Amino acid sequence: MALGPSTSAWRDSQKLSADAKVGPSGNDAFSFWKLQEEWRSRLGAAIDESQATAERYLFELYLSEKQRRPPAALGSYYRFRNFIPRPLRHWLNSAAIRARGHGGFPNWPCESVLLDFWRDWLDRALRSLDVEDGWHIGFWPHNARCCIVLTHDVESPLGVRRMEKMADIEQKYGFLSSWNLPLLEYPIDWSTVERLRARGFEIGAHGLAHDGKLFRSEADFAELGRELQRLAREHSMVGFRSPSTLRRAEWIGTMAFEYDSSFADTDPYEPQPGGTCSIFPFRLGSLIELPYTLPQDHTLMHLIHRDPVPLWHLKAQWIAAAGGMILALTHPDYMGAGEHLARYEEFLKRLRDLPDAWHALPSEVADWWRRRSRMQLCISGGQVVIKGDNTSGAVAARLRNHPLCA
Ligand SMILES: [Zn+2]
């Protein structure tokens, strides 16, 4: 029997949920907040229900099955892409976006529906437990209020040549970052890459090439995904971002990476528009998903012609106020020289001034989120105790001190 779209969407979500439960925690509200274990059995059904609601956003299940895959029309675009001069390519992309329109959900540049859900769920839970406040495991290590992650996709040899200068500026403001490389698109100057790695920067896999093939069919994914994971292993890459952020959640969740960063919290401007509505990491199969949460430089500069810095600043402040993860995605190819680089530096200065922020590499955030999901907070003899194999950095915090529920 053929599965209709809704049945099959449900099947995919169940598969992802089942995978996400490989560890002790999924994407339910109890695991999001990491509440005290004594409450778990009393909240029973509300916890299960919260996972289904959250995953409707996290896995973009509010979109049709067709919308959760790369659009079929992209195939012909990619066949000619390399013959189209870059300015014309940008014009074509922005014309396509105008023609497509924006459905209005998720809102852009800020969508709060999932934050509202986490907060309302907690309010209801505390009321049903008849308590005013309680403890949870803080979202970030060492009591940080929010988290800042800088990532880059390097689209061409020009981008590779600009990496070190951009990295110098990041280090000047106390940041390290990750650089994602397409592994079979152009000859990569590995000496530059290894020098950056030696300085503490992270290197990730940006697929094999921007050709739209990886998620085109199950057969393509089986063949190209295998090659991609082999090359990534060879180069000690633990993170993945799909070229052009084309994606199929149920396939990405099976790959042998520690984290993925192919989803946005909201991005109506990508060839495959959508968004997880999440400014926090979450479980995607066996991976940790780190959605990028600032609009891409390329989108702002070339597609909608907006000055990136004020918009980034606004969004970064909004995320910091909610205690979330500011995850930037910029390209040295577009941002790494001249006036653009000066603007990027200006933004880094503003990011540096955000108080109590954890500056982290994506692999560190993924490791932290995985560890946090395995920890348990218990109250024993009036003492608050965090249990787990490795609880380093974990801090118990008062729920009402968190900006989401103050
Ligand atoms: Zn790219």
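Just so it is clear, the structure is predicted and the values come from calculations on it, not from any experiment. In what follows, every heavy atom counts, from backbone to side chain, and hydrogens, waters and symmetry copies are set aside. Atoms within each ligand, like the ligands themselves, are counted from 1 in listed order.
The two atoms that bring Val149 and Pro362 nearest to each other are CG1-CD, 3.6 Å, heavy atoms only.
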Quick one, Asp153 with Arg241, criterion salt bridge (Lys or Arg N to Asp or Glu O under 4.0 Å). Give me CA distance, side-chain angles, the key distance, then yes/no.
CA-CA 8 Å; Asp153 296 344; Arg241 177 174 292 126; 2.8 Å; yes
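Evaluation of the side-chain hydrogen bond (donor to acceptor under 3.5 Å, both in side chains) rule for Asn390 yields Arg371 as partners, not counting sequence neighbours. Not counting sequence neighbours, Phe263 has no partner by the ring-ring contact (aromatic ring centres under 6.0 Å, His included) test. Scanning for ring-ring contact (aromatic ring centres under 6.0 Å, His included) contacts around His331 gives Tyr334, with sequence neighbours left out.
Below the 2.8 Å limit, the Zn ion (ligand 1) has as protein N, O or S neighbours Glu155 OE1, Glu155 OE2, His206 NE2, His210 NE2.
For Glu170 and His359, the side-chain atoms include no donor-acceptor pair closer than 3.5 Å.
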